[in-house]
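Notes to accompany the following structure.
Sequence lines set the chain letters: A, B, ... in the order given, protein chains first and strands last, and positions in each chain run from 1.
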Amino acid sequence: MSTVAQSVPPVVVPAGTTAGTALREAGLPGKGPEAIVVVADGDGALRDLSWAPMVNSEVRPVPANSPEGRSVIRHSCAHVLAQAVQELYPEAKLGIGPPITDGFYYDFDVPRPFTPEDLQALEKRMKQIIKSAQRFSRRAVDSVEDAKQELAAEPYKLELVDLKSDVDTSEVMEVGGGELTIYDNLDPRSGERVWGDLCRGPHLPTTKHIPAFTLMRSAAAYWRGNEKNPQLQRIYGTAWESAEALDAYLELLAEAERRDHRKIGAELDLFSFPEEIGSGLAVFHPKGGIIRRELENYSRQRHEQAGYEFVNSPHISKSGLFHTSGHLPYYADTMFPPVQFEGEDYYLKAMNCPMHHLIYRSRGRSYRELPLRLFEFGTVYRYEKSGVVHGLTRVRGLTMDDSHIYCTKEQMPGELRSLLRFVLDLLADYGLADFYLELSTRDDSPKFIGDPQQWEEATEALRAAAEDSGLELVPDPGGAAYYGPKISVQAKDAIGRTWQMSTVQVDFQHPQRFELEYQAADGTRKQPVVLHRALFGSIERFFGVLTEHYAGAFPAWLAPVQVVGIPIAAEHAAYLADVATALRAKGIRVEVDASDDRMQKKIRNHTTQKVPFLVLAGGKDVEAGAVSFRFRDGSQINGIPVDRAVAEIADWVARRENDSPNAENFKVGG
RNA sequence: GCCGCCUUAGCUCAGUCGGUCAGAGCGACGCACUCGUAAUGCGUAGGUCGGGGGUUCGACUCCCCCAGGCGGCUCCA
């Protein structure tokens with residue numbers, strides 16, 4: 001990623017002068033990555049450089065290499081794409097074309113979907129348009145009627161004009177801001193109008209101000225995001241303030257592809273999705289099984305220390321349970337269809353909470369037992385639509401590290417605070433330590449049930465806990481579960497991508513629905529609050545995220561094979577076998593490679609398998625009672641006495657060191 | 001679920017216009033080699049070309065259906 005520009009000092013645009021002129025006079029750059037592409041007026045609204053205020057106005061110049069600047073570049077680039085599409089495919093009707101994170105798209109109604117060859121041709125045409133330096137020229141349309149007349153050939157734009165009053169979001173760039181405007185693309189020499197689009201802007205001064213772009217892919221997308229609407233063909237692209245910034249972005253994508261857990265999972269023999277079992281249903285191979293077991297074991301240990309009690313529940317139950325919980329009416333379409341026997345519908349469980357509530361309810365509870373923390377690695381099945389299943393991150397069978405905490409209303413704020421702390425600490429132990437939080441609340445959608453007062457109370461308790469953590473808190477209105485608000489923990493991985501990890505939810509609904517109670521100190525019966533909490537979310541997903549975070553080079557404590565002994569010649573294998581025995585006695589997963597391969601080949605094999613410690617021994621080592629280390633990064637430490645090597649490896653693993661060991665950080669020399 | 005694309009050996013991939021094109025590298029196996037920090041050499045075996053139907057004298061190749069995958073859309077308790 002390229003650097004974001006320093007903020008540029010404000011500039012005063014004299015009345016009747018264009019912003020562009022004022023900037024030029026102030027000596028601000030008009031080209032290059034720091035070129036000023038638009039300005040923000042006193043209200044923060046972005047304006048074209050051709051904007052000329054009625055009165056002297058102080059504006060904030062927006063450079064190309066700022067988030068706002070990039071959005072403008074991308075938005076303008078989307079226009080160029082649309083122009084190219086309509087030139088090459090005149091029958092194409094325009095949808096919308098906004099900038100998005102890291103790029104832009106434009107939707108088109110075309111008789112035939114775009115092919116990769118089409119994209120190439122479009123890119124070529126776009127380059128010509130950009131080179132020709134067409135001017136983006138803003139023009140206000142006097143009335144809705146005029147707009148409709150002008151846009152008569154564009155049915156989707158007409159729809160937007162009609163929707164103008166109630167569509168005014170950043171996603172719909174076409175309309176908004178109280179007036180309708182059209183941006184015309186003008187030929188720089190003749191001034192002739194070459195193309196135009198309904199758009200509220202702002203835009204770059206000319207197409208030539210698009211320094212670097214590329215088209216990425218095409219795909220179908222529903223008009224206005226509704227699956228009942230027709231599908232349009234969407235073309236995705238990206239555009240940046242410089243060729244370097246574009247290259248850096250493409251390199252990031254390439255790195256993400258190299259880290260793809262689906263690819264690494266096959267290469268390292270961790271898991272697979274046998275077609276015979278069905279889509280979205282994973283099997284973990286022995287090596288993946290080890291990683292999974294280590295992940296789970298450490299979590300179990302920490303939960304035990306934190307006062308959780310372990311429970312187990314079945315994978316299937318009668319339908320009544322999910323009616324009681326309220327899940328069935330809401331999520332029937334993502335539950336597997338029921339199996340019928342003995343006159344009953346049985347459903348595969350899609351969530352663990354109802355089972356845990358029954359455990360709570362199995363006998364009377366006293367306030368002295370609260371908070372009661374039930375924990376289970378509970379496997380659930382969800383009928384994800386065929387088009388959404390994706391590696392380990394979106395599956396149909398998954399194991400949640402699910403817990404439900406039953407506490408009094410008074411205990412809730414404190415419990416939420418310690419819960420969040422616990423979650424963040426534990427994630428950090430797995431090597432994810434860069435977080436922000438998201439607070440998902442209700443909006444006025446009818447899907448949210450329950451007393452608004454209770455929602456308010458729960459939301460505030462969550463907010464307080466979140467603020468207490470000191471982390472950034474991002475609001476997510478309307479993102480709550482139907483039964484209560486939640487905090488989700490977003491973790492940044494090694495290459496800066498964010499993943500939703502843990503969630504903590506407050507639930508006043510289930511205690512009512514399941515008639516949960518406890519006997520209070522004053523002898524009355526009261527209703528507990530339920531906190532739902534998953535840390536990994538799903539173990540499969542967490543596994544996938546960790547695989548990508550570490551690019552398959554798992555920390556030694558998680559690595560399926562922690563040490564491989566490599567003899568310099570076959571005669572040294574027995575010596576290494578003894579070293580391996582000593583390591584194994586310390587609980588280390590170790591193998592000796594006694595195959596016929598050459599030593600160099602063995603190093604290559606086990607390095608590509610991401611084994612953290614390669615322990616070599618040849619004549620010199622045997623003589624000295626020593627071994628030599630080679631690490632994943634190619635660094636080495638030679639001649640370490642065997643007992644010392646064994647102790648240091650065991651210690652490294654026991655410490656759960658998340659860094660990859662190398663000659664620098666593996667201090668055996670002392 | 002919707003749209004587009006894809007599926008050839010365990011893996012990664014060639015395969016022209018429907019007719020000696022069932023092919024390579026890696027891996028596996030065998031033999032030789034015994035080597036000081038990322039690929040030793042030689043040889044052998046492996047495929048109903050995802051499955052099913054159709055068109056054709058003839059289908060890996062064209063058409064239809066299904067399954068699985070990829071990229072999006074929608075969805076994600």
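With sequence neighbours left out, A/Phe377 forms a ring-ring contact (aromatic ring centres under 6.0 Å, His included) with A/Phe375. Residues meeting the salt bridge (charged side-chain N to carboxylate O under 4.0 Å, His left out) test with A/Asp633, sequence neighbours left out: none. Listed by chain and number, the residues in a side chain to side chain donor-acceptor pair (under 3.5 Å) with A/His261 are A/Glu548 (sequence neighbours excluded). For the side chain to side chain donor-acceptor pair (under 3.5 Å) test, residues two or more places apart in sequence or in another chain that qualify with A/Arg533 are A/His303, A/Ser403.
Nucleic acid contact for A/Asn226: none, since no nucleic acid atom lies under 4.0 Å from a heavy atom of the residue. Within 4.0 Å of A/Thr608, counting heavy atoms only, lies at least one base atom of the nucleic acid. Among the heavy atoms of the strands lying under 4.0 Å from A/Gln505 are primed sugar atoms or P, OP1, OP2 only; no base atom is included. Using a 4.0 Å heavy-atom distance criterion, A/Asp597 is classed as making no nucleic acid contact. Backbone-only contact: A/Arg217 has heavy atoms under 4.0 Å from sugar-phosphate atoms and none from a base. When heavy atoms are screened at a 4.0 angstrom cut-off, A/Asp621 is found touching base atoms of the nucleic acid. Contact annotation for A/Thr115: no contact, since no heavy-atom pair falls under 4.0 Å across all strands. Contacts of A/Thr334 with the nucleic acid, taken as non-hydrogen atoms under 4.0 Å apart, include base atoms. Within 4.0 Å (heavy atoms only), A/Ala221 reaches sugar-phosphate atoms of the nucleic acid but no base atom. Looking at heavy-atom distances under 4.0 Å, A/Arg630 makes contact with a base. Using a 4.0 Å heavy-atom criterion, one finds that A/Arg262 contacts the sugar-phosphate atoms exclusively. The residue A/Tyr330 sits apart from the nucleic acid: no heavy atom pair falls under 4.0 Å. Within the nucleic acid shown, A/Gln233 comes within 4.0 Å of sugar-phosphate atoms alone, with no base atom in reach, counting heavy atoms only. Across all strands, A/Met351 comes closer than 4.0 Å to base atoms (heavy-atom distances).
For B/C13, the paired nucleotide is B/G23, the pair qualifying as Watson-Crick or G-U wobble because both relevant distances are below 3.5 Å. As the counterpart of B/C60, no nucleotide is assigned, since no Watson-Crick or G-U wobble pattern has both distances under 3.5 Å. With a 3.5 Å ceiling on both atom-pair distances, B/U37 lacks any Watson-Crick or G-U wobble partner. Pairing of B/G18, defined by two Watson-Crick or G-U wobble distances under 3.5 Å, is not identified with any nucleotide. With a cut-off of 3.5 Å on both pairing distances, the Watson-Crick or G-U wobble partner of B/C70 is B/G4. Nucleotide B/A45 is matched to nothing when pairs are restricted to Watson-Crick or G-U wobble geometry with both distances under 3.5 angstrom.
With C1' as the reference atom, B/C64 and B/A45 are 37 Å apart, rounded to whole Å. A distance of about 23 Å separates the P atoms of B/G25 and B/U20, rounded to the whole Å. If you take atom C1' in B/A38 and the same atom in B/C26, they sit 15 Å apart, rounded to whole Å. Taking atom P in both B/G30 and B/C70, one finds a spacing of 35 Å when rounded to whole Å. The separation of B/C49 from B/C31, taken at their C1' atoms, amounts to 33 Å, rounded to a whole angstrom. B/U56 and B/A14: their C1' atoms are spaced 27 Å apart (whole Å). Taking atom P in both B/U74 and B/U12, the straight-line distance is 31 Å, to the nearest Å. B/C63 and B/G47 have their C1' atoms separated by 25 Å, given to the nearest Å.
Pairs engaging residues 613-626 of chain A under the salt bridge (charged side-chain N to carboxylate O under 4.0 Å, His left out) rule: none recorded [sequence neighbours left out].
Two residues, A/Ala570 and A/Tyr482, neighbour RNA chain B, and the one matched to the more 5' nucleotide by heavy-atom proximity is A/Ala570. Residues A/His532 and A/Ala617 both approach RNA chain B. Their nearest nucleotides, taken by heavy-atom distance, put A/Ala617 toward the 5′ side.
Base orientation for B/G46: syn, the chi torsion being within 90° of 0.
For the pair A/Phe114/A/Tyr89, a side-chain contact is recorded, criterion being any heavy-atom separation below 4.5 Å from C-beta on. Counting heavy atoms from C-beta on, the side chains of A/Pro567 and A/Met599 never come closer than 4.5 Å.
Relative ring orientation between A/Phe629 and A/Phe666 is described as tilted, the plane-to-plane angle lying within the 30° to 60° band. Note on ring orientation: taking the six-membered ring where Trp is involved, the planes of A/Phe273 and A/Phe271 are perpendicular (angle over 60°, cut-offs 30° and 60°).
When RNA chain B is scanned in the 5' to 3' direction for atoms under 4.0 Å from non-hydrogen atoms of chain A, the outermost contacting nucleotides are B/G1 to B/A77.
We find that A/Glu257 and A/Lys263 are not joined by a salt bridge, their nearest charged nitrogen and carboxylate oxygen being 4.0 Å or further apart.
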